[in-house]
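Residue numbers begin at 1 in each chain, while the letters A, B, ... track the order of the sequences. Just so you know, these numbers use all the heavy atoms, side chains as well, and skip hydrogens, waters and symmetry mates.
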Amino acid sequence: MNIEIIIKGQVALAINSLYGQSVEPSQVQVQLTRSEFEGDQTVMVFPFLKISRKSPEATGMEIGEYLKANLAEISGYNVVKGFLNLSVDNQYWINGFNEALKDEQYGFVPVTDQSELVMIEYSSPNTNKPLHLGHIRNNLLGFSLAAVMKANGYKVFKTNIVNDRGIHICKSMVAWLKFGNGETPETYGKKGDHLVGEYYVKFDQQYKSEIAGLMAAGRSEEQAKEEAPSIIETREMLIKWEANDPEVRSLWHRMNGWVYAGFDETYKTMGVDFDKIYYESDTYTIGRDEVLRGVSEGIFQQESDGSVWANLENEGLDRKILLRSDGTSVYITQDIGTAQLRYRDYPIDHMIYVVGNEQIYHFQVLSLLLDKLGYKWGKDLFHFSYGMVELPNGRMKSREGTVVDADDLIAGMIDVARSVSLELGKLEGYTEIEKENIYRIVALGALKYFILKVDPKKTMTFNPEESIDFNGNTGPFIQYTYARIQSILRKAGETGIVIPAKAETGSLNDKERIILKSISLFPEVVQEAGKGHSPAIVANYVYDLVKEFNSFYHDYSILNEPDLTIRDFRLAMAQTVGKIIKNGFSLLGIEVPERM
RNA sequence: GGCCCGGUAGCUCAAUGGAUAGAGCAACAGCCUUCUAAGCUGUAGGUUCUUGGUUCGAUCCCAAGCCGGGUCACCA
């Protein structure tokens with residue numbers, strides 16, 4: 001059992017026995033002892049002073065004496081002010097360490113047939129432009145959250161809703177027809193998503209110049225925006241699309257196909273995947289049907305112009321439009337349809353949407369609407385909202401060309417990883433393919449760790465010149481430690497040392513104790529990350545562990561340790577730290593290299 | 001303006017209501033003949049936005065204010 005829980009229970013008994021008053025174990029505050037004091041676990045005695053009616057020191061001493069006498073795991077205690085520091089017997093840490101050593105899935109709760117199903121929606125791109133840095137945060141968080149939930153014993157289903165229809169999609173199509181000359185990704189030599197994105201930009205340029213021309217001819221800005229030929233053409237195309245016009249549909253299929261091929265490549269490089277992809281072009285009509293059902297049941301109101309509204313004023317929100325006066329769907333209508341379809345397809349217990357925090361209001365509304373429509377899961381949907389990624393001079397703006405493209409960023413980081421690695425020259429003997437794979441692992445490790453170590457809900461700043469480092473608190477630093485551990489284990493194998501299944505040693509030095517204590521925390525960290533929906537907790541924990549291990553590695557020898565018992569124990573310790581790095585990083589979607 | 005979120009070292013970020021607020025980067029000083037120097041050790045760097053309140057104790061909770069961001073579309 002967890003030492004903290006044992007202590008809480010015993011402290012409650014101690015207070016009952018010493019002062020004749022009962023307290024709940026949950027009221028006992030226990031935390032890790034700060035490193036500058038002696039001990040492992042610290043009990044706060046302040047809350048019990050009213051009960052003991054004695055000084056903090058005296059109370060602490062009495063409780064400490066009781067614990068030492070009644071708990072085999074407690075080998076000693078000291079009291080500093082109101083802090084009762086308990087020393088936990090080495091054997092307790094060693095026992096826990098042996099558990100960690102033999103369990104390959106250490107820290108993970110197994111998924112069973114009884115496990116609840118959690119569906120996680122993430123990524124959810126538009127098909128009119130390539131993925132950028134903001135999408136990267138979304139994808140990494142979504143993928144990582146899925147891994148964390150799975151490690152907490154949930155069945156996890158990853159899904160992606162692709163925004164493949166609408167006026168913005170038609171814009172790229174219009175521009176391609178006008179300027180494209182039949183260009184394809186093959187003829188142009190660029191990924192399809194980039195090609196389509198370029199025509200989206202071209203459309204905007206064309207549209208702007210038309211507006212300027214019209215305004216020069218005396219129109220107001222508003223009029224100009226409405227009357228520009230390209231926007232009129234785009235609207236006509238959207239109507240044709242909705243009417244299933246074969247020519248428009250065929251072009252739409254073709255260009256979206258280019259985009260999907262491009263996205264697939266980016267997803268693959270990033271190492272994220274999905275169990276099922278939904279397309280808005282398939283779900284938006286379902287949403288419309290659901291809204292109309294709501295009208296017939298009196299949940300929603302239809303205005304005389306045909307538009308449909310939900311009144312959420314009783315819930316503290318506004319009136320919200322659900323269908324336009326021409327009967328077409330708006331954004332939220334599509335989400336209603338998608339949700340309905342998903343719950344029809346799968347026995348979902350929990351639904352998580354990984355979507356930026358600018359849509360908090362949207363998901364409040366969606367939750368209420370689904371609830372009104374009679375879905376019991378409406379109220380329980382969880383919007384995992386994360387903060388934006390900003391550049392040093394502010395928010396990314398596609399119109400100002402300050403968007404950090406995902407493919408460019410990743411390619412650039414692989415270049416840096418390659419040149420750093422070549423300079424260090426530690427990969428001789430590896431084939432080019434193997435080397436490239438390691439560059440990729442390291443580059444993505446840097447990017448993923450950089451993004452995932454930050455509390456998801458916070459806005460984060462990304463400086464393209466400075467942010468991605470390979471030294472210090474970074475993914476490569478942790479990967480490097482892993483690689484070194486593997487090197488030690490390889491050498492141990494070469495010299496005929498067999499890492500024992502059981503690694504016992506009576507005495508532990510300070511740094512060994514610290515590492516063993518840290519190892520014992522991993523399962524709690526995984527649990528906490530699941531409850532708090534925060535991969536950052538895992539990232540920061542792994543970093544701390546690695547720091548401790550490196551410090552140990554610097555001060556004490558492993559392979560050259562003459563005492564074989566101690567050497568075997570340290571090998572087992574290194575192996576376990578390596579395992580935690582690997583398991584922890586798997587929760588972040590980061591690979592670990594055997595060498596680097 | 002209403003609602004939501006943030007403000008911690010020069011920069012990027014940590015810190016279940018606990019002890020002297022921690023890391024990395026940048027700066028400075030050391031350490032490669034020893035298990036991988038993408039590393040290690042040390043120095044310096046702070047009015048945790050402000051003012052009150054709650055209590056044994058507040059970066060954390062509450063109130064007010066200041067600053068920054070988001071959001072309140074027949075856009076997505």
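- Of the candidate nucleotides rA76(B), rA19(B), rA37(B), rA76(B) has the atom lying nearest to any side-chain atom of Tyr331(A).
- Side-chain atoms of Gln31(A) lie closest to rA19(B) of the nucleotides rC40(B), rA19(B), rA37(B).
- When the side-chain nitrogen and oxygen atoms of Lys458(A) are compared with OP1 and OP2 of rA14(B), one or more of them lie within a distance under 4.0 Å.
- Among the heavy atoms of the strands lying under 4.0 Å from Asn85(A) is at least one base atom, whether or not backbone atoms are also near.
- At the heavy-atom level, Ser421(A) lies under 4.0 Å from base atoms of the strands shown.
- Lys50(A) comes within 4.0 angstrom of the backbone, heavy atoms only, and of no base.
- The residues Lys81(A) and Glu57(A) are annotated as not salt-bridged, no charged nitrogen and carboxylate oxygen being separated by less than 4.0 angstrom.
- Shown for residues 303-311 of chain A: residues whose heavy atoms fall under 4.0 angstrom of RNA chain B, namely Asp305(A), Ser307(A), Trp309(A).
- When both pairing distances are held under 3.5 Å, rC28(B) makes a Watson-Crick or G-U pair with rG42(B).
- Here the C1' atom of nucleotide rA19(B) and the CG atom of Leu32(A) are 14 Å apart, to the nearest Å.
- At the heavy-atom level, Val30(A) lies under 4.0 Å from base atoms of the strands shown.
- Annotation: of the two residues near RNA chain B, Lys81(A) and Thr459(A), the 5′-most nearest-nucleotide partner is Thr459(A).
- Ring-plane geometry between Phe585(A) and Tyr449(A) is classed as tilted, the angle between the planes lying from 30 to 60 degrees on a 0 to 90 degree scale.
- Closest to the Gln29(A) side chain, of the nucleotides rC40(B), rU36(B), rG18(B), is rG18(B).
- Comparing the C1' positions of rG24(B) and rA9(B) gives an interatomic distance of 12 Å, to the nearest angstrom.
- The shortest distance between the side-chain N/O atoms of Arg490(A) and the OP1/OP2 oxygens of rC35(B) is not below 4.0 Å.
- Nucleic acid contact for Val420(A): base, since at least one base atom lies under 4.0 Å from a heavy atom of the residue.
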Assess whether side-chain hydrogen bond (donor to acceptor under 3.5 Å, both in side chains) is satisfied between Arg34(A) and Asn85(A), documenting all intermediate values. CA-CA 9 Å; Arg34(A) 291 181 66 108; Asn85(A) 300 320; over 6 Å; no
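- The base-pairing partner of rC61(B), taking Watson-Crick or G-U wobble contacts with both distances under 3.5 Å, is rG53(B).
- Comparing atom distances between the Glu390(A) side chain and each of rG69(B), rC13(B), rG22(B) picks out rG69(B) as nearest.
- Across all strands, Met596(A) comes closer than 4.0 Å to base atoms (heavy-atom distances).
- Residue Tyr361(A) and nucleotide rU71(B) are not classified as a stacked aromatic pair, given the requirement of ring centres less than 5.5 Å apart at an interplanar angle below 30°.
- For Glu313(A), the CD atom sits in a packed shell: over 12 heavy atoms of surrounding residues, nucleotides or ligands are nearer than 6.0 Å.
- If you check every strand for non-hydrogen atoms under 4.0 Å, Phe462(A) touches nothing.
- Under 3.5 Å, the side chains of Asn138(A) and Ser123(A) contain no donor-acceptor pair of N or O atoms.
- Comparing rG6(B), rG70(B), rA19(B) by their nearest atom to the side chain of Met388(A) picks out rG70(B).
- Closest to the side chain of Val454(A), out of rC40(B), rC13(B), rC72(B), is rC13(B).
- Residue contacts shown for Ser551(A) are limited to sugar-phosphate atoms, with no base heavy atom under 4.0 Å away.
- Residue ring and nucleobase are not stacked for Tyr480(A) and rG39(B) under a centre distance beneath 5.5 angstrom and an angle between planes beneath 30°.
- Looking at heavy atoms from C-beta onward, Glu390(A) lies out of side-chain contact with Met396(A) at the 4.5 angstrom threshold.
- The side chain of Gln359(A) has rA76(B) as its nearest neighbour among rU71(B), rC74(B), rA76(B).
- When both distances must be under 3.5 Å, the Watson-Crick or G-U wobble mate of rG6(B) is rC67(B).
- Among rU71(B), rG39(B), rG6(B), the nucleotide with an atom closest to any side-chain atom of Arg484(A) is rG39(B).
- Residue-level contact check: Ile488(A) touches the backbone only, with heavy atoms under 4.0 Å from sugar-phosphate atoms and none from bases.
- What you find for Met255(A) and Ser172(A) is that their closest heavy atoms are CE-O, 3.7 Å.
- Checking rG39(B), rU12(B), rG18(B) against every side-chain atom of Phe477(A), the shortest atom distance belongs to rG39(B).
- In this structure rU48(B) sits in no base pair that meets the Watson-Crick or G-U test at under 3.5 Å.
- Pair assignment for rG1(B) gives rC72(B), based on Watson-Crick or G-U wobble hydrogen-bonding distances that are each under 3.5 Å.
- Residue-nucleotide stacking is present for Phe83(A) and rA19(B), judged by a side-chain ring centre under 5.5 Å from the six-membered base ring centre and planes under 30° apart.
- The aromatic ring of Phe46(A) sits over the base of rG18(B), with ring centres less than 5.5 Å apart and planes inclined by under 30°.
- Within a 6.0 Å sphere centred on CG of Asn393(A), heavy atoms belonging to other residues, nucleotides or ligands number more than 12.
- You'll find the ring centres of Phe450(A) and Phe462(A) inside the 6.0 Å limit.
- Nucleic acid contact for Tyr449(A): none, since no nucleic acid atom lies under 4.0 Å from a heavy atom of the residue.
- Counting any heavy atom pair closer than 4.0 Å across all strands shown, Ser487(A) reaches a base atom.
- With sequence neighbours excluded, the residues that form a side chain to side chain contact (heavy atoms under 4.5 Å, CB included) with Asn163(A) are Asn126(A), His168(A), Glu280(A).
- Straight-line distance between the C1' atoms of rG70(B) and rG10(B): roughly 27 Å, to the nearest whole Å.
- Taking for each of His362(A) and Arg395(A) the nucleotide of RNA chain B with the nearest heavy atom, the 5'-most of the two is the partner of Arg395(A).
- With a glycosidic angle no further than 90° from 0, rC32(B) counts as syn.
- Residue Arg324(A) places at least one side-chain N or O closer than 4.0 Å to OP1 or OP2 of rA76(B).
- rA58(B) and rU12(B) have their P atoms separated by 29 Å, with the value rounded to a whole Å.
- Aromatic ring centroids of Tyr353(A) and Phe363(A) lie under 6.0 Å apart.
- Among rA19(B), rG18(B), rC72(B), the nucleotide with an atom closest to any side-chain atom of Pro47(A) is rG18(B).
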